[in-house]
Amino acid sequence: MTNETTMPDPCAAAFSVLAFILKAHGLKAEDTTDDADGQGLTPEEQEDQLVRAYLHQRERNRTRGRPEGAEEPDIPASEAAPPPPDRPTPAVPDGKDVNAPDTARAFADPDTKDREAAAPPTAVAKPDSAERPERPGTGPQASPVPSVPPERVSLPNARAKTPYIAPPLKGYFDLRMRNDNGTGLVLGADGSLSAESMQAGEYTIDLSGLKDGRRVSVRARLSVIPRPEDLWTSEPSDQNAPLAKPDEAFEQIEGEAFLVAASTRGRSHAREGAYRDDHFALSYDADSGWHVMVVADGAGSARFSREGSRVACETACRALKTLLPEEVDPVAQTMVQSIEDSHPGNDVPAPVVNTLMQTARMAAQALERRAQELECPAAYLSTTLAIAAAKKVKHQWLLLSFSVGDGGIGLWDGAAGAAVLMCRPDSGEFAGQTRFLTLGELDHPHGGASRVFVEIRDSFTAFMAMTDGITDPKFETDAALANPDRWRTFWEDDLTKAVTFARDNTIIKEQFLEWMEFWSRGNHDDRTLAVMVPNTPAPAAEGTGESS
Amino acid sequence: MRRLPIYLLLDTSASMSGEPINAVQNGLNLLISTLRQDPYALETAFLSVITFDTEARQIVPLTEITDFQTPDIQARGVTALGDALRTAAQCINTEVQKSSAQVKGDWKPLVFLMTDGLPTDDWKPALQEYRVARPGLTVCCAAGPGVDTAVLSEISDTVVTLDTADSSTISAFFKWVSASITVSSRKIDLTKDDAIGGDLPLPPAGISLIKT
């Protein structure tokens, strides 16, 4: 039913004139009340309504600089779909009322459009509702108008569970949030979007804003990316399978120094329920006074490397127990004396080199024997090896080291601010190349005495041996490993902030293992760290010689 | 942290119009959403997109997975394969960190090159430049029967061919690329060595792996 047909006769002529004028200006009869068709209105009311609509339309066209008669794409969602066949289909088929941001109707995604379209149209008359066109076929100008799809923008990606702020959207004024789609994003006064914490996922945020003087809808796409920390899972390894190894280990030993070591499984192994490939061994021999720390990193690509690192550590530790007193002790006094007399020798004494080389050779031989027992190639047991040994000789500490492969051995003397790198970096020219403990490697010209290091000092803060699971994240490069500042940072600002290296620390195990879990992006290797701290002379009450 | 740089060289010449280019666009979306769920890739892989038609452009610089946003791509023009190789070489030279005593460099980049036609420019000198940039592993993909695999075989030892350049096969290719990146980022983590061709997963049906 149209307005014309319901109109009483006496008003018909006047109304026709009005309608003609309106039509010439591209205006249609508007529904300003629930009674959209004007039924029940007196002729005077209908006329008044038409005139107001006309004036409003003219005003609007004037302020927007648009030619009168140009149509506004003001179609509520419920009326926009489906587009009439005689109109061009919008590029994005989810036309919405882009110029009526105050209506309660939310913008619909294409996939939620049907639900939106089925919702009843907003019933409450709004101040701008006079702008709404009438439904097709109910006015002087019946053709519907195309809808304007929302303007699409992409927000910078967010990280899950991480505070987020996106800079203000460019090109829009007076932005308003219409639907944050559960993200909790808040629109700031400056147009920025922020959230304290969001869940990972893909989101669409509906906003509106002023652009070129018109209110337009803006659909912002936001990807909230999971944190890698949350994607790592941990499966215990099978402790009943052959060659099983506990997923973590901790040990402490008291001698003339305090020895502590921990080894934990890397995230990449934990994720697959694989074994820890690292290993360590500590010993203190009260009879000889030698402290020994051995750490080894089984090659990630080698099938039984967890066994290789164990065999290497235990063999080396056992061998040193005999070799150090037999071979090194006879020259130890002379070595220390030469330091005290300020006549340090240039060369490492042959017995020291021989002892450490012989130890490494025995460990390499043990790997070969073990491979034969397991009926597998020796390469299946590939491992690195790092040995740190120390003994108090007279008033001096005699410190020895040897290593094959990456990882690190360092001596930190906090009082002097000095760090001594006691290993030769074995990383190759290219990232990732490392050497493993084999007889061939030890016999190679570059594999001999240059791997042996000796230090003699009257005091030190900490003597440390570690696998690359520690050196990679904490030192990164060989240059950093040789930099005293990095050792100071590592010891003073990092490790001892979390772990108190004292014999009477009853929670040192918990502290140490918790520190070992530090987060470092891209570093998921097994981690092993052995630390030797000399007994502080102050509390002196404690004797030495606790059996290990 | 040592990054695993991934370069995607995508042919956006006019012959890719329609279904193929849409499939590539969808493939990029699929690729990135897959990698976002993999902790190895999320931490180490960095992604760059270079498109080539009448000329090559790096439309996304080397970007970490977390920040990567899928670009919009359009098909037009001819197939400047040589310019693509030259652009890739320049990007690798400027973006990929080399190892030194002070800096532990990035892993060698993985390059995935996809084309559906014959090169229309002089690509051989560009190939020399590309080789000098020392990419780690290059995988060439011949999308459909119109591709001269002899050309691609000169670029890389690893060439895959798509039986057809339809959306399902292109989608399968991108899935395979995702798997290759995931496997490679995991492999470098475990072995601390650069990824090589032998580490790639087996391609699915519709994609043939040619080793030359």
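In what follows, chains carry the letters A, B, and so on, assigned in the order in which the sequence lines appear, proteins first and then strands, with residues in each chain numbered from 1.
Residues of residues 44-57 of chain B lying under 4.5 angstrom from chain A, judged on non-hydrogen atoms, are B:Thr44, B:Phe46 in numerical order.
Under the 4.5 Å side-chain criterion, counting only non-hydrogen atoms from C-beta, A:His269 is in contact with A:Asp526.
Looking at A:Leu155, the atoms closer than 4.5 Å to chain B (heavy atoms on both sides) all sit in the backbone: N, CA, C or O. Interface remark: B:Arg186 contributes side-chain atoms only to the contact with chain A (heavy atom separation under 4.5 Å). There is no contact between A:Asn483 and chain B, counting heavy-atom distances below 4.5 Å. In this structure, the portions of A:Leu231 lying under 4.5 Å from any heavy atom of chain B include both its backbone and its side chain. Heavy atoms of B:Gln97 lying under 4.5 Å from chain A are absent altogether.
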Return all side-chain donor-acceptor pairs below 3.5 angstrom for residues 70-77 of chain B, not counting sequence neighbours, or 'none' if the list is empty.
from, atom 1, to, atom 2, distance (Å)
B:Thr70, OG1, B:Asn29, OD1, 2.9

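A search for ring-ring contact (aromatic ring centres under 6.0 Å, His included) contacts involving B:Tyr7 returns nothing, not counting sequence neighbours.
Most heavy-atom pairs under 4.5 Å with chain B, from the set A:Glu476, A:Arg271, A:Arg227: that is A:Arg271. Between chain B and the options A:Gly300, A:Ser154, A:Pro228, A:Pro473, the largest number of non-hydrogen pairs under 4.5 Å is found for A:Pro228.
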Could you check A:Asp247 against A:Ser237 for side chain to side chain donor-acceptor pair (under 3.5 Å), going step by step and ending with a plain yes or no? CA-CA 7 Å; A:Asp247 293 337; A:Ser237 63; 2.6 Å; yes
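Side-chain contact annotation: B:Ser13 with B:Ser15, donor-acceptor N/O pair under 3.5 Å present. With no hydrogens or angles considered, no side-chain donor-acceptor pair links A:Asn181 and A:Thr204 at under 3.5 Å. Counted by atom type alone, A:Thr528 and A:Asp278 present one or more donor-acceptor pairs between their side chains at under 3.5 Å.
Note that CG of B:Asp106 and CD1 of B:Ile92 are 11.0 Å apart. Values are rounded to the nearest 0.5 Å.
Sorted by first and then second residue, the pairs that involve residues 8-41 of chain B and meet ring-ring contact (aromatic ring centres under 6.0 Å, His included), not counting sequence neighbours, are A:Trp232-B:Tyr40, A:His524-B:Tyr40.
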